[in-house]
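Read the structure below first, then the notes.
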Protein chains: 2
Amino acid sequence: MPNLYKYGKTNRIGINYSPIVQFWTYEYICTMYERKIPLSLNCGLDLIGEVLYGKWKIRLLWFIHEGYKRPSELQRKIPDASRRVLNIQLKELEEHELITKTIYPVVPPKVEYSLTEFGETLIPVLSALGQWGDEHQERLRYLILKRLEQVPIDKDVIL
Amino acid sequence: MPNLYKYGKTNRIGINYSPIVQFWTYEYICTMYERKIPLSLNCGLDLIGEVLYGKWKIRLLWFIHEGYKRPSELQRKIPDASRRVLNIQLKELEEHELITKTIYPVVPPKVEYSLTEFGETLIPVLSALGQWGDEHQERLRYLILKRLEQVPIDKDVIL
DNA sequence: CCGTATCCGACGCGATACTG
DNA sequence: CAGTATCGCGTCGGATACGG
């Protein structure tokens, strides 16, 4: 969970670009729930981060958007994710109302996911992200791989 | 080779959405390095996810963009992040060539960060993200908080 | 003012096995 | 085909303390 935070007032990311931001920090609410580290939901970037957080979520959204709706299809598309995690993240997406799940009462079981309208609104945003990545892919790949070579040993790992 | 990445990172962002995607997947290369779970750098979303990954990076980028350049300023802006993590993430941003660091040889020490041109290109994208979050903030807050109430106890945590 | 080191808790997620 | 349970590893990041 990314959202462990307890920061508050000054640190809304969106400061300039988003006058909409409000000040009655959710910190307050969250501490009431005794979460050790409260969420910060003060600005748009925090919020979207909350919803997209998860290793496979964006992938899932995109594939569903592309028409791969059944769990087995998704699994085939994302073979590196375990069934367990896929289910967990799909459920989260569902709870965030970005997708809906339809269970057909047939044998063998059949399940289909699809984007909600709300989910659809996210697609252009994801596109924008991906576009930036695509535009700079050469450079990014180079930089990322270079970094990995430099730091082959994790600093936190005791040898 | 130490086994970092044995269990991939939790990317906030990552997906194969793009037709540009190439198939000589980096997965391949990565497995050659004996990483158990390869990085996926196949598409723009994967790449951008790699670069933005980190709890405070987006915030850092934004604040630097806004003109808060010195470590102490940034720290004040993000009081919940420890100095350690801030430095780590700043260094990563630097290695990814999104920001530059200038050290002035004076006493007391003075350091300044600023966005590179490359880093600047990321700003509109972040704006887009934040904008979506802002537009739907009511709903998002509601949904996120609702979910948290439902699952107050993490399933994986042993009590 | 600036940076880094060590310790450690939280939790995401992979592996595997089992049910309907 | 779809879903869940249990287990344990690994990584991020917080707390604190020290050195320049």
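In what follows, every chain begins at residue 1, and chains take the letters A, B, ... in the order their sequences are listed. From a predicted model like this one, the values you see are computed outputs, not experimental measurements. Heavy-atom basis, side chains included; hydrogens, waters and symmetry copies ignored.
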Could you tell me which non-hydrogen atom of B:L47 sits nearest to which non-hydrogen atom of A:G133, and how far apart they are?
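Closest approach of B:L47 to A:G133: CD1-O, 3.8 Å.
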Calculate the interatomic distance between [X] atom [atom1] and [N] atom [atom2]; express it in whole Å.
{"X": "A:W56", "N": "C:dG12", "atom1": "CH2", "atom2": "C1'", "answer": "12 Å"}
{"X": "B:Y53", "N": "D:dG10", "atom1": "OH", "atom2": "C1'", "answer": "11 Å"}
{"X": "B:E50", "N": "D:dC12", "atom1": "CD", "atom2": "P", "answer": "10 Å"}
{"X": "B:Q75", "N": "D:dT16", "atom1": "CD", "atom2": "C1'", "answer": "14 Å"}
{"X": "A:K55", "N": "D:dC12", "atom1": "NZ", "atom2": "C1'", "answer": "14 Å"}

Passing candidate, side chain to side chain contact (heavy atoms under 4.5 Å, CB included) with A:L93, options A:T100, A:T116, A:I88, A:L61:
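When A:T100, A:T116, A:I88, A:L61 are each tested with A:L93, the side chain to side chain contact (heavy atoms under 4.5 Å, CB included) holds only for A:L61.
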So among A:L126, A:L122, A:L45, which one has a side chain to side chain contact (heavy atoms under 4.5 Å, CB included) with B:W132?
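Only one of A:L126, A:L122, A:L45 forms a side chain to side chain contact (heavy atoms under 4.5 Å, CB included) with B:W132, namely A:L122.
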Enclosure of A:F118 CZ (heavy-atom neighbours >12, cutoff 6.0 Å)
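Result for CZ/A:F118: enclosed.
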Check nucleotides 1-3 of chain C against the protein and report each pair of N or O atoms closer than 3.5 Å, with its distance, or say if there are none.
residue : atom : partner : partner atom : Å
C:dC1   : O3'  : B:R70   : NH2          : 3.4
C:dC2   : OP1  : B:R70   : NH2          : 3.2
C:dC2   : OP2  : B:S72   : N            : 3.1
C:dC2   : OP2  : B:S72   : OG           : 2.9
C:dG3   : OP1  : B:K101  : NZ           : 2.8

Using a cut-off of strictly less than 4.0 Å, decide whether B:Q89 has a side-chain nitrogen or oxygen near OP1 or OP2 of D:dG13.
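Yes, such a contact exists.
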Does A:Y104 have A:K110 sitting over its ring (NZ/CZ under 6.0 Å from centre, angle to axis within 45°)?
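Yes, A:K110 and A:Y104 form such a contact.
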Would B:L140 and A:I48 count as a side-chain contact (heavy atoms from CB on, under 4.5 Å) here? Give the steps.
CA-CA 8 Å; B:L140 287 169; A:I48 200 173; 5.6 Å; no
Does the D:dG13 base have a donor-acceptor partner in the side chain of B:R84 within less than 3.5 Å?
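Flag set: donor-acceptor pair detected.
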